[in-house]
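Structure record follows, encoded as structure tokens.
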Amino acid sequence: MNDITVAIIGGGPAGLSAARVLAENQVSCLLLDEQASLGGQIYRGIEHVSQQYAGRAEKLGADYLHGLALTQGLPEKHLQRVLNAKVWSVNTSGQIVYSVGAQSYQVKAKYVVLATGAQERPFAFPGWTLPGVMTAGAAQILLKAHGVAVKNSVLIGNGPLLYLLASQLLAFGHPPQAIVETQAKNAWKNALPHLPNAMLYGSSYLWKGIKMLALIKKAGIQHYTKACDIHAIGVESLQQIRFQQGGKTHTLNTQNALIHQGVIPNTQISRALNLQHFWSEQQQTWLPVTHQSGESSLENIYIAGDGASIGGATVARFSGEQVALQLLKKMGVFTQTQYNSRARPLNKQLRVELAVRPFLDYRYAPDNRTMLNNSSTLVCRCEEVSVGQLREHARQGCLGLNQTKTFSRCGMGPCQGRQCGVNAALVLADERKLSPDKIDYYRIRPVIKPVTLAEVASLAKEETN
Ligand SMILES: Cc1cc2nc3c(=O)[nH]c(=O)nc-3n(C[C@H](O)[C@H](O)[C@H](O)COP(=O)(O)OP(=O)(O)OC[C@H]3O[C@@H](n4cnc5c(N)ncnc54)[C@H](O)[C@@H]3O)c2cc1C
């Protein structure tokens with residue numbers, strides 16, 4: 001097993017900026033990412049897209065092109081990057097197991113930086129598991145990685161990414177047929193107190209949103225707001241979307257629904273490490289407990305970027321740098337004065353970038369009413385467990401997710417709770433009339449990602465070598 005100083009899991013803005021700062025200061029680090037190229041979610045495939053496919057990066061927007069500066073010119077000397085590296089186990093002493101192809105490898109790191117980013121918040125409503133319904137993020141992956149635009153789609157849900165996807169599909173010549181936007185109860189009421197701060201410090205984000213909305217309007221894309229009671233209808237695959245809006249029932253014929261309700265931190269590894277987490281009312285999900293400089297509840301484990309709290313790409317970049325500076329100080333590479341001279345302006349920039357967040361989080365809070373009001377909605381799509389079944393288990397005395405898992409297999413499928421964890425907790429909380437923070441989350445254990453037996457067995461070969 002190789003011993004290394006810092007292992008960074010995730011090659012998005014957070015992981016890349018942490019790696020750059022550490023390597024520039026002669027700290028040896030290992031950067032692991034399961035994707036075939038660096039850039040994370042927002043800058044997926046940026047290097048090869050900009051080199052090989054003229055025009056595609058431009059169509060994806062100016063923000064996408066910013067990724068080039070992050071991925072290019074990384075210091076070679078102290079930075080080892082391994083792509084297509086799926087991390088499937090991390091323990092509290094910094095031992096990491098990952099596989100590339102069919103071969104697994106182990107390393108031991110003095111410090112581990114989790115920069116594993118976000119996942120889309122599962123958006124459950126009747127029919128969401130029908131073929132033809134996929135997430136907005138998946139449609140974006142098709143655009144970024146393959147230049148393929150989903151045609152004649154209906155975009156459903158809420159959040160800035162939905163507007164972005166609509167404008168990207170428009171740029172690719174396949175505007176969506178309609179946007180069906182949901183809105184949580186009291187979304188504006190909760191968001192408005194945060195608007196002045198957002199306007200003062202985050203006006204560029206607000207303008208970006210306003211411009212995208214203007215573009216959508218100009219293109220004549222039908223935009224339904226405050227839609228509720230969403231149903232995806234079809235026999236073997238999606239045929240129609242039905243919803244309520246303005247006191248009327250609307251039905252749209254489509255074979256492609258792209259759904260989205262914001263993003264939440266990817267906490268599989270932080271959960272498997274048994275780090276402390278808390279329920280955030282603002283982000284309506286669990287977040288790992290982190291101190292200002294990214295230290296988790298374990299002193300050798302740091303968390304940067306959207307994996308710590310949803311802040312967007314610029315915040316992720318700054319927070320990766322912040323973690324790196326903290327590590328440089330901790331390892332004695334930086335004196336307190338050196339640290340202060342870089343960390344103070346950075347912390348200030350970070351506070352400014354974060355100022356828009358409360359407004360965005362409350363304005364685009366998820367609307368869970370369709371899920372909670374329809375007992376037939378599947379919450380766990382792997383094991384086909386519905387809202388009604390979970391409510392029944394709660395009535396029978398299940399207090400948390402680990403009990404409902406035992407009774408129903410909810411959370412036991414290949415996604416390992418990623419697609420049902422938050423929603424199953426919301427259902428139990430609703431049934432038991434409690435806040436979700438009173439519901440125990442799944443005990444996540446390695447293996448974090450699906451691996452074959454051959455991949456596990458290959459560890460023995462690696463140890464012999
Ligand atoms: C599907 C999706 C699409 C998005 N698109 C946009 C967009 O177009 N514009 C925008 O402004 N924001 C977008 N976002 C939000 C955006 O992800 C973040 O703001 C930003 O990328 C966060 O940076 P990060 O470095 O924290 O994480 P990420 O960029 O998500 O990077 C995390 C990296 O960790 C890797 N990783 C995770 N787990 C493992 C593991 N077990 N083993 C190995 N590698 C692992 C992932 O492959 C990924 O490359 C998107 C989010 C999602 C979920």
Side-chain angles (χ1 to χ4, degrees), residues 2-33 38 40 69-70 73-81 87 90-96 107-117 265 269-270 273 275-278 287-309 311-355:
N2 286 333
D3 278 9
I4 47 173
T5 311
V6 183
I8 300 166
I9 307 172
L16 284 171
S17 64
R20 185 185 294 273
V21 174
L22 288 165
E24 278 171 356
N25 286 283
Q26 286 84 47
V27 173
S28 74
C29 31
L30 172 69
L31 178 68
L32 300 166
D33 198 297
L38 293 173
L70 260 183
L74 284 167
E76 296 291 333
K77 194 155 175 216
H78 298 278
L79 174 61
Q80 186 197 351
R81 30 179 157 154
V87 174
V90 182
N91 75 13
T92 52
S93 50
Q95 192 174 322
I96 296 173
V107 290
K108 188 162 186 321
K110 195 162 178 205
Y111 300 103
V112 179
V113 179
L114 304 179
T116 48
I269 298 182
S270 57
L273 282 164
L275 302 181
Q276 285 171 19
H277 291 72
F278 69 100
L287 306 178
V289 172
T290 49
H291 304 293
Q292 203 203 358
S293 48
E295 264 173 305
S296 73
S297 50
L298 269 182
E299 65 167 349
N300 57 333
I301 312 282
Y302 287 70
I303 312 181
D306 273 5
S309 169
T314 308
V315 170
R317 181 159 58 83
F318 289 158
S319 81
E321 198 175 331
Q322 201 180 39
V323 162
L325 295 178
Q326 180 67 18
L327 282 171
L328 290 171
K329 186 175 75 166
K330 192 161 183 165
M331 290 185 279
V333 179
F334 269 16
T335 61
Q336 184 70 44
T337 319
Q338 283 173 306
Y339 171 80
N340 287 346
S341 72
R342 286 197 53 180
R344 281 187 181 151
L346 183 67
N347 291 343
K348 202 169 152 196
Q349 280 176 299
L350 204 47
R351 278 198 298 277
V352 170
E353 284 295 325
L354 281 169

When every non-hydrogen atom of Gly305 is compared with those of Ser319, the smallest separation belongs to N-OG, 2.7 Å

Sorted by chain and number, sequence neighbours left out, side chain to side chain contact (heavy atoms under 4.5 Å, CB included) with Ala316 holds for Pro13, Ala14

Are any side-chain N or O atoms of Asp306 and backbone N or O atoms of Gly312, one a donor and one an acceptor, separated by less than 3.5 Å? yes

Minimal heavy-atom distance between Pro288 and Gly307, with the atoms involved, is CG-O, 3.4 Å

In short, salt bridge (charged side-chain N to carboxylate O under 4.0 Å, His left out) pairs touching residues 6-22 with sequence neighbours left out are none

Rounding to 0.5 Å, atoms OG1 (Thr314) and CG (Leu354) come to a distance of 10.5 Å

Between Val90 and Val87 the two heavy atoms that sit nearest each other are CG2-CG1, 3.7 Å

Between the CD1 atom in Ile4 and the CG atom in Leu30, the distance rounded to the nearest 0.5 Å is 4.0 Å

Residue pairs passing the side chain to side chain donor-acceptor pair (under 3.5 Å) test with at least one member in residues 5-16, sequence neighbours excluded, are Thr5-Ser28

> Hey, mind stepping through Leu38 and Leu31 against side chain to side chain contact (heavy atoms under 4.5 Å, CB included) and telling me if it holds?
Replying inline: CA-CA 10 Å; Leu38 293 173; Leu31 178 68; 3.9 Å; yes

Spell out, as yes or no, whether a donor-acceptor pair under 3.5 Å connects the side chain of Asn91 to the backbone of Gly94.
yes

Using only atom types and a distance under 3.5 Å, with no angle test, would you say the side chain of Gln338 pairs donor to acceptor with the backbone of Thr335? yes

Sorted by chain and residue number, the side chain to side chain donor-acceptor pair (under 3.5 Å) partners of Ser341 (sequence neighbours excluded) come out as none

Sorted by chain and number, sequence neighbours left out, side chain to side chain contact (heavy atoms under 4.5 Å, CB included) with Thr92 holds for Leu273, Leu298

Rounded to the nearest 0.5 Å, the CD1 atom of Ile8 sits from the SG atom of Cys29 at a distance of 4.5 Å

Taken to the nearest 0.5 Å, the spacing of Thr116 OG1 from Ile303 CD1 works out to 7.5 Å

Applying salt bridge (Lys or Arg N to Asp or Glu O under 4.0 Å) to Arg81 and not counting sequence neighbours gives Glu76

Practice task
Assess whether atom NZ of Lys329 is packed by more than 12 heavy atoms of other residues, nucleotides or ligands within 6.0 Å.
Solution key: yes

So the salt bridge (charged side-chain N to carboxylate O under 4.0 Å, His left out) pairs with at least one residue in residues 333-347 (sequence neighbours excluded) are Glu321-Arg342

Q: Report the C-alpha separation of Met331 and Leu22 in whole Å, then their side-chain angles, then the decisive distance to 0.1 Å, and conclude whether the side chain to side chain contact (heavy atoms under 4.5 Å, CB included) test is met.
A: CA-CA 11 Å; Met331 290 185 279; Leu22 288 165; 4.2 Å; yes

dist Tyr339:OH -> Leu346:CG (nearest 0.5 Å) comes out at 8.5 Å

May I ask you to check whether over 12 heavy atoms, not counting those of Gln276, lie within 6.0 Å of atom CD? no

Residues at least two apart in sequence or cross-chain that pass side chain to side chain donor-acceptor pair (under 3.5 Å) with Glu353, listed by chain then number, are Tyr205

Rounding to 0.5 Å, atoms CD (Gln80) and CG (Leu32) come to a distance of 8.0 Å

Sorted by chain and number, sequence neighbours left out, side chain to side chain donor-acceptor pair (under 3.5 Å) with Asn300 holds for none

Sorted by chain and number, sequence neighbours left out, side chain to side chain donor-acceptor pair (under 3.5 Å) with Ser270 holds for His277

Decide yes or no on side chain to side chain contact (heavy atoms under 4.5 Å, CB included) for Val27 and Leu327, but give the supporting numbers first. CA-CA 10 Å; Val27 173; Leu327 282 171; over 6 Å; no

With sequence neighbours left out, the residues meeting side chain to side chain contact (heavy atoms under 4.5 Å, CB included) with Gln26 are His78

Shortest non-hydrogen pair, Ala304 vs Gly320, comes out as CB-CA, 3.9 Å

By side chain to side chain contact (heavy atoms under 4.5 Å, CB included), Lys330 pairs with (sequence neighbours left out) Tyr111, Glu295, Glu299, Tyr302

